[in-house]
Structures are given as C-alpha cells and as structure tokens.
2 protein chains.
Amino acid sequence: MARTPPTKPRKNALQARSRATVDALVEATARILVRDGFEKASTNRIAEIAGVSVGSLYQYFPSKEALVAAVIDRHNEEIMGIVRTALAEVADLPIDKAVRKLVTIAIEAHRIDPKLHRVLAEQIPRTGQLKDVEAFNREVHDLVRTYLESRRKEMRKIDLDVATFICVSSIEAVAHNTVLNGPEMLSEKMVRTLVDETTRMVVGYLR
Amino acid sequence: MARTPPTKPRKNALQARSRATVDALVEATARILVRDGFEKASTNRIAEIAGVSVGSLYQYFPSKEALVAAVIDRHNEEIMGIVRTALAEVADLPIDKAVRKLVTIAIEAHRIDPKLHRVLAEQIPRTGQLKDVEAFNREVHDLVRTYLESRRKEMRKIDLDVATFICVSSIEAVAHNTVLNGPEMLSEKMVRTLVDETTRMVVGYLR
DNA sequence: GTATAATGCGAGCATTCGCTCGCTTTTCCT
DNA sequence: AGGAAAAGCGAGCGAATGCTCGCATTATAC
C-alpha cells in the first residue's frame, strides 16, 4: 500500500464519529428537555434517544450538568449571534432607528425555539451556569453601552452604565414576557404595537 | 359514652402542636433552600432540620413539591402584601409621584430575603407552580391597570393593557436585576439613582 | 495482515430520594 | 382515671438516577 502523507495523521477518523456522537447527544438532550422537561431528562434516557450508549455519553460529557450546559451554550450562541449582528448593523443609525431595531431583534431572538427557551428559563436549576449567564449578560451590556457611547451627542447627560442597565433590562423583560405569555401575544399586530411602544419608552428615556 | 358537643370538637389539640410543626417545616425548607440549594433539599433533610420526623412531614404536605410551594406562597404573599398596600397608598397621587413610589417599593419587595428570592428565581423548576406565578402576575397587572385607568387624564392616548404590561415588566426587571446583581448595586446612592432613572423612563413614557 | 489506538457498549453498582406504615406518645374529653 | 383521637415517629422499601468499568467493535498505521 502507498505511503500515507505526513500531514493530517491522527485525528480524522476519531473526529468523524465522535463529532456526530457529540452532536447527537446535545440534540437529544434538547429534544428531551422540550418534550419531557428537565426532571425526565436522565442520562440513560438521553443516551437512548441519541442512539448512543451511556458509556459513550460519559466519554464526552463528564456529567449530566455538562450536557445541559452544552444545550444552553448552543442556544445562547445562537442568540448572541443575532444580537452581535444586529448591533453591528445598527452602529451607524441614530438612536430612534437603532432602538427600534434592537427591540425587534430582542423579540425575534427570544422566538428562536421558544419551547426550549421556556424550559431553559423555567426548569433548569441554574447551578454552576451562573458564570455563563453572567458572561452573556455582560457581553450584551458592553455591546449596547458601546453603541450608546458613540451616540452620546443625541442623548441627554446621563450615566451610561445606568442607562444601559435600565434599557437592556426593560427590553429584555418585554421580549421575554411577550414570548413566554404564549402565542396569544404574538400576533403580527400585537408584536408591532409592543415594538412601537417599547421603542417609544426607551428613546424617550434616552434623550 | 357521652356525646361530643357540637361546637369546636375536633381540632383544638391538633392545632397547637401541628401549627408549630407545619411552620417549622416551612421554615426549615426555606432555610435549606437558601443554605444548600434546591437539589440538596430532600424531604428527609427538611424533616431533620425542622426537628420533625419524615412521617409527620407527610401528614401535612403530600409531597416535596407542596413544601416548596408553601415556601413560595409565603414569600409571594409577603410581596403581594407590600404591593397591595403601596397601590392603595398611591391611589390618589399623580402619576409621577405614584410611579416613583412603585419603583421604590418594587426594589424593596425584591429585597425581602434576597437570598431566598434568588433561589426561588433561579433554582426552582417551575413545575405545576405555573398557575401560582400566573395568578401573582395577574394580580399585579390588574392592580396597576386599575390605577392607571383612574389617572387616564394625565396620560396620552394609549392602550392600557399594553402600557401596563410594558411598565410592569420594566419595573420588575430593573428591581429584579438590581437585587440579583449583588450588594454592589445596592448602595443607597445607586438605588436612588436607579429609582430616579426608572421613574423618569416610565413617567416619560406614560404621558 | 496485524498491532494499536480510538470509539462504543450496556449491565449493573452505589447512592439517594420520596414516601409508607405500624407503632408510640401526647392531648383532650368525660 | 381512662380511653379515644390526634400527632408524631423513623426504619426501611422500591424506584430511579448518575455514573463506572471491563469488554467488544471499528478505524488507522505500517
């Protein structure tokens, strides 16, 4: 048999299979969380649904918590992606346009897999994940603060950190509660009204 | 054997002791939740800390969930008491004064046993308690809505339910995040600033 | 082709948990 | 005093869970 080239020797095969296994496990965890809730999500069950053995599960995730954390990370990354993109797009817009976009985006972000979002928000005991949640909040805060800083001339004199804190908290809460209150509040018309009103409040506050 | 008198026959003795037992159990549950978190709060442990046997525990609480629910109810009742009182006091005040008071109260209410509040918010899987939380939110919403209705002339034309939803969500979120962010944000000065700013935002929005 | 390492397997262990049940102690009533 | 009812007790059961470990299977290297 011919020689195998020196490059790319020892991790291909390993990755092809194990990557798939890891993905299947995370996906299975998410599905069980949505379908049966946190309490019913045992490692045995997760492995079963993923079509993987418990033993293999524990080769890639040291604990059940790690598995759930992976699901949370994936979800958070999705949301952060949206938020980052939105804030980049908004960088050159005046405050009123920017806030409107951000409010819209906030609701949209919460609408990604709302069932999973609900389970993560309501059923997952935040044990150890505190760091992650904090980092998440921190990044959002910093991004928004940076934007506001660049638009300071449109604003009244105001402590930037306080303003950011209040605006982010409020927008997030409206988006969160809107989505959690079920599909009733998610009619096109309702969403538009909420975006209008929240934007009005925040913009009015900032300047 | 003589007849047992019709009035107050069968619950006196029961109440002196059992009242104390029930209280001890609820108190112990709260303490364990704060000290060790939800996961460590087993019924055996709760009974032990309460100085009561597991058997007795199950005479008064049909399940662990019921015990936790009792703690939540107690906490919610405390908060609702404050909120109800505040809204009564505020009924005759103009919007700016009223909102300021409500924001202050919201933070104060969240400051009742903040550690317990944090555990309840972050660690308790909301399973079955959904109804209670909904009822709680509902009552707050209705109280605030009623106040705003009585002050409509001071306000711009606006959908009352939407306005209530946005204001309550925002105020609650600011209070919640303020308290959860730890004692750093709770200096006298900081709190005053937050109250000022949040009040400004909400009042500006409403009129 | 064969040795070696990577990956996967799953019965089962140790532990914990929620909860029951047969019994004792305390309180009340007469 | 005496007996019935209320309250309390706690060893322990059955079920479930997170996780281990010795072995089987598959891929890679040469």
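None of these values were measured; they are calculated from a predicted model. Chain letters run A, B, ... following the sequence lines, proteins first, then strands; residues in each count from 1.
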Answer yes if the side chains of A:Thr21 and A:Ser18 hold a donor-acceptor pair under 3.5 Å, and no otherwise. no
Of A:Val52 and B:Ser56, the one whose closest DNA chain C nucleotide lies more 5': A:Val52
Parallel, tilted or perpendicular: ring planes of B:His110 versus B:His117, cut at 30 and 60 degrees: perpendicular
Is NZ or CZ of B:Lys64 both nearer than 6.0 Å to the six-membered ring centre of B:Phe38 and within 45° of the ring axis? yes
Nucleotide nearest A:Asn44 when distance is taken to its side chain, options C:dC19, D:dC19, C:dG8: D:dC19
B:Ile46 has an atom CD1; how far is it from atom C1' of C:dC17, in whole Å? 12 Å
Quick one: stems involving DNA chain C, counted as three or more successive Watson-Crick or G-U pairs, both distances short of 3.5 Å. C:1-30 with D:1-30
Using atom CZ of A:Arg45 as one end and atom P of C:dG10 as the other, report the distance to the nearest whole Å. 18 Å
I need the CD-P distance between A:Glu39 and D:dT17, as an integer number of Å. 10 Å
Within this structure, what is the CD-to-P distance between B:Glu48 and C:dC17, rounded to whole angstrom? 12 Å
State, yes or no, whether a side-chain contact exists between B:Thr198 and B:Ser170 at a heavy-atom distance under 4.5 Å. no
What is the distance, to the nearest angstrom, from the OH atom on A:Tyr60 to the C1' atom on C:dC9? 12 Å
Residues B:Arg74 and B:Glu78 bridged, charged N to O under 4.0 Å: no
Separation of B:Phe61 atom CZ from C:dT20 atom C1', in whole Å? 18 Å
Position toward the 5' end of DNA chain D (nearest nucleotide), B:Gly55 or A:Lys40: B:Gly55
Option passing side chain to side chain contact (heavy atoms under 4.5 Å, CB included) with B:Arg100 (candidates B:Ile105, B:Val203, B:Val202, B:Asp196): B:Asp196
Looking at B:Thr21, I'd like to know whether one of its side-chain N or O atoms comes within less than 4.0 Å of OP1 or OP2 on D:dG8. yes
Expressed in angstrom and rounded to an integer, what is the separation of B:Gln59 atom CD from C:dT25 atom P? 16 Å
Would you check if B:Glu48 and B:Asn44 make a side-chain contact, meaning some heavy-atom pair closer than 4.5 Å? no
Among C:dC19, D:dC9, C:dG10, which is the nearest nucleotide to the side chain of B:Tyr58? C:dC19
State which of C:dC19, D:dG18, C:dC9 makes the closest approach to the side chain of A:Ser53. C:dC9
Within the structure shown, what part of the strands sits under 4.0 Å from B:Thr43 by heavy-atom distance: base, sugar-phosphate, or nothing? base
What is the separation between atom CD1 on A:Ile49 and atom P on C:dG10, rounded to the nearest whole Å? 15 Å
